[in-house]
Student: 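If you scroll down you'll find the structure; I have some questions about it.
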Amino acid sequence: MTQVLILGAASDIGRALAHEYARAGSNLYLTARKAERLEADCSDLALRYGIQVRAIEFDALDFASHSTLYSSLDPAPTGVIYVAGYLGDNEKAQSDFSEARRIIDTNYSAAVSLLNLAAASMAIKRTGFIIGISSVAGERGRGSNYYYGSAKAGLSAYLSGLRNRLAASGVTVLTVKPGFVATKMTEGMPLPPLLTARAEQVAGAVFRAQQKGRNEIFSLWYWRPIMAIIRSIPEFIFKKLSL
Amino acid sequence: MKLSGWGNFPVIDARIHSFRSEDELRGILRETSACIARGLGRSYGDSSLQREVIATGQWNRLLHFDDRTGLLHCQSGVSIADLLDVFVPRGWFPPVVPGTRFVTVGGAIASDIHGKNHHSEGSISSHVPALDLMLANGDIRHCSPEQDAELFWSTCGGMGLTGLILRAKLQMRPIETAYIRQELRPGRNLDEILAHFEDSSSWTYSVAWLDCLAQGRDFGRSILMLGEHAGPAELSHVNADQALCLSAPRTINTPITFPNFALNRLSVRAFNSLYYYRNKSKTGTSLQRYDDFFFPLDAIIGWNRIYGRRGFTQYQFVLPRSAGSEGLATIIRTIGGSSELPFLTVLKLFGSEQPGLLSFPTEGYTLAVDFPITRTLFAFLARLDEIVQGYGGRVYLTKDVRLSAASFRSSYPNAERFAALRHNNDAAAKFSSLQSERLEI
Ligand SMILES: Cc1cc2nc3c(=O)[nH]c(=O)nc-3n(C[C@H](O)[C@H](O)[C@H](O)COP(=O)(O)OP(=O)(O)OC[C@H]3O[C@@H](n4cnc5c(N)ncnc54)[C@H](O)[C@@H]3O)c2cc1C
Ligand SMILES: NC(=O)c1ccc[n+]([C@@H]2O[C@H](COP(=O)([O-])OP(=O)(O)OC[C@H]3O[C@@H](n4cnc5c(N)ncnc54)[C@H](OP(=O)(O)O)[C@@H]3O)[C@@H](O)[C@H]2O)c1
């Protein structure tokens, strides 16, 4: 029986992932900063798919709580998905380090802290999967969101290193780089409709990629060529673009 | 973003808000003035259109189900499609389903929808023991036929104008198989089909397809479809343990929006004849998957695009039973003699009226006719309104896009009581649709 831990399960993408795994018969641990926000999701998932679901409180920024949280999970997760993220206010972060730090910690440091624990537990059992939801924003720093972008870049590099380390142990690591997704995070932003995915589409792609043991996906797929082009723009031109 | 109802007319620019918690919804209500709830947008006209729209798509959880009694508690954005997927395999069926499974529970209650079983089981509000409503000021009211009954009966059928339905209880009905025993009875003319209806009241489900353009001795020719949930003994072709399971439905897409000239009198006449004679030859009993019986149009995804860019509307009215044959004949003759193009036409006999203040069904005959929108259509429909009202009938708001405020007031006897309630709890200042503005509700 698979037992999947979704960190940040009240997010739109996290919720869609919960449905994917529940449909496949996994039992779930769902987290949010306020566990009561997950009450309705727990009954919904249990009713729809006949699985067991538990809601757990998790604050990414409360680093001291992470190891107690992870070791309290019984049975231990066979899959862990880090979905939590914080877009933050790029302008504020320029002058207020606490905002910059919050962006870095939510998207990167806390992921490192938790996925370290997951990796340790899975490496011993020599089985399991880890998924990190990074972002295309981590592919190149842009003037308008480089705190978020650099934290996601850090997450992507961490995941690639973790995959390398765990390759021999049979634990798989999947890096997910979504482009625009219509969620609470992006509500009210003028996203181009043709380039914007629904959370369910991203979750479906993530589930299939994980089942196939893939290493890295862009979601939706066309962001791979788009980002290849963006990465190939020479820096002396890129720095002058307003992005 | 561009938004329209199922009829693709009118198309307006709207801001869509979604919410995931009561607090988030409260925040949206604080910041918007005129707004309206929207489920899956299957109402045909402007009932769920406004510049600010509150979508319930993210508010779609099943909260509790009692598998002894079949009582379900869920959030309002849950769709009938969800309910079918989850509960048919467990032996439960929604108490009332419309002609498409892509409607929400909230939308179904707000329109107090009826199904093919209206004559036997009433509209959906008869199966809703209670609901929670968020009022204009953010307060949440629990109401039911026993508690705060005036609010309950103005919300059922109230077209989103009393508040936002958050949660509802729904009494599901037990079934033994996922199949329907169907019987087809052709009616060679209007009198014959009405007689068939009168003779078939013991069936749970009944509806007729009618050819509006047939003339002479074929005038009003129809095919009556009767249905009953099939028992396990009737299924010879499936194993007993598969009786509640269906494979995924087959669907096809409508690839393009059809040009306006694709539907014309000739193609509709040809379609009608084909349909009539094909089904007439299939007269008798057969076993149908429930989705083929209830939702034949869902198999064609985006079928509303066959009506072209100008869009279409559905004119659905009900006439008291006493006006039956004469009233229907007058209206069908008026439609047939006009230059407008009636496409799919459906006839049904309603059972008795429920207490919903703005609920549509009253005991009698209801006819629903799809029309592509033309320059002359609305003037023509206003003429039909006069005939309908002359016979003491009225039109269905969830299909409407052009009724006048005066016609609304004179055909819905509780219009003023409804308006007073809306005024008293400040709903009037917060919740309005393009339809409620037009109808001065
Ligand atoms: C192919 C087809 C067949 C149909 N067959 C039938 C039929 O047989 N019988 C029948 O009765 N109807 C039928 N309908 C109409 C349909 O059932 C109704 O229009 C229904 O209300 C649509 O639900 P929705 O979720 O799409 O709501 P929308 O179209 O989004 O909204 C409809 C109304 O409900 C209100 N509303 C939606 N959600 C809420 C909420 N949470 N709280 C308060 N108000 C809310 C809206 O404000 C609006 O006034 C049919 C429609 C189609 C397209
Ligand atoms: N939307 C996009 O366009 C897009 C694009 C690329 C990548 N992504 C990434 O996708 C992931 C999901 O985002 P989303 O779009 O679905 O956004 P969202 O709905 O705003 O979700 C944000 C999630 O992060 C969690 N979170 C934030 N701060 C936290 C903290 N201090 N402790 C614990 N959890 C915290 C939230 O948990 P609470 O429930 O406790 O608030 C919530 O689950 C994020 O990592 C995001 O960066 C999104």
Side-chain angles (χ1 to χ4, degrees), chain A residues 6 8-20 22-25 28 30-51 53 55 83-84 180-204, chain B residues 1-3 13-25 27-28 31-32 40 52-67 70-79 81-92 105 132 140 166-170 172 244 248:
Chain A
I6 301 179
S11 66
D12 291 350
I13 295 176
R15 210 183 145 215
L17 281 165
H19 279 262
E20 287 293 331
R23 194 176 295 123
L28 299 175
L30 306 180
T31 80
R33 275 170 291 186
K34 292 206 184 79
E36 79 225 21
R37 279 195 54 204
L38 293 168
E39 246 170 58
D41 287 300
C42 289
S43 44
D44 181 61
L45 290 159
L47 254 171
R48 279 179 202 253
Y49 308 109
I51 55 150
V53 201
V83 193
F180 298 132
V181 192
T183 67
K184 189 167 51 195
M185 186 178 269
T186 52
E187 202 160 83
M189 294 185 189
L191 301 182
L194 281 177
L195 289 180
T196 304
R198 286 175 298 111
E200 292 77 20
Q201 290 176 291
V202 174
Chain B
M1 157 178 181
K2 296 269 180 256
L3 204 63
D13 254 313
R15 235 171 49 156
I16 302 179
H17 306 264
S18 62
F19 62 99
R20 294 142 187 93
S21 67
E22 288 165 8
D23 278 340
E24 217 176 322
L25 175 58
I28 297 169
E31 281 157 29
T32 50
L40 280 164
E52 310 270 355
V53 162
I54 305 182
T56 57
Q58 302 282 347
W59 187 254
N60 60 348
R61 287 136 180 122
L62 305 174
L63 300 173
H64 186 74
F65 183 67
D66 184 332
D67 48 18
L71 186 64
L72 172 74
H73 192 204
C74 67
Q75 294 178 339
S76 57
V78 168
S79 69
D82 281 343
L83 297 187
L84 292 163
D85 289 346
V86 174
F87 292 108
V88 167
R90 299 180 202 183
W92 295 95
V105 167
D132 290 337
I140 296 172
L166 285 174
R167 287 171 287 268
K169 291 196 170 145
L170 201 59
M172 305 281 279
L244 288 163

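Just so it is clear: chains get the letters A, B, ... in the order the sequence lines come, proteins before strands, and each one is counted from 1.
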Student: Taking the side chain as every heavy atom from C-beta outward, state whether A/E187 and B/S18 have any pair of such atoms under 4.5 Å apart.
Tutor: yes

Student: Between B/Q75 and A/D44, is there a side-chain heavy-atom distance shorter than 4.5 Å?
Tutor: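 With C-beta onward as the side chain, the pair stays apart.
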
Student: Under 4.5 Å, counting heavy-atom pairs only, tell me which of B/I16, B/N60, B/V86 racks up the most with chain A.
Tutor: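 Most heavy-atom pairs under 4.5 Å with chain A: B/N60.
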
Student: Do A/L47 and B/R90 make a side-chain contact, defined as non-hydrogen atoms from C-beta onward lying under 4.5 Å apart?
Tutor: yes

Student: Given heavy-atom pairs under 4.5 angstrom as the criterion, report whether the side chain, backbone, both or neither of B/D85 touches chain A.
Tutor: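 B/D85 has no heavy atom closer than 4.5 Å to chain A.
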
Student: Where on B/R15 is there a heavy atom nearer than 4.5 Å to chain A: the side chain, the backbone, both, or neither?
Tutor: neither

Student: Would you call B/D82 and A/R48 a side-chain contact if the rule is heavy atoms closer than 4.5 Å?
Tutor: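 Yes; the side chains approach each other to less than 4.5 Å.
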
Student: Where on B/Q58 is there a heavy atom nearer than 4.5 Å to chain A: the side chain, the backbone, both, or neither?
Tutor: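 Contact with chain A: backbone and side chain both.
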
Student: Return the minimal non-hydrogen interatomic distance between A/A40 and B/L63, and the atom names on each side.
Tutor: CB-CD2, 3.7 Å

Student: Given side chains that start at C-beta, do those of B/R61 and A/E39 come closer than 4.5 Å, heavy atoms only?
Tutor: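 Counting from C-beta outward, B/R61 and A/E39 never come under 4.5 Å.
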
Student: Could you tell me which non-hydrogen atom of B/R20 sits nearest to which non-hydrogen atom of A/K184, and how far apart they are?
Tutor: NH2-N, 3.3 Å

Student: Can you tell which part of A/D41 gets under 4.5 Å to a heavy atom of chain B, answering side chain, backbone, both or neither?
Tutor: both

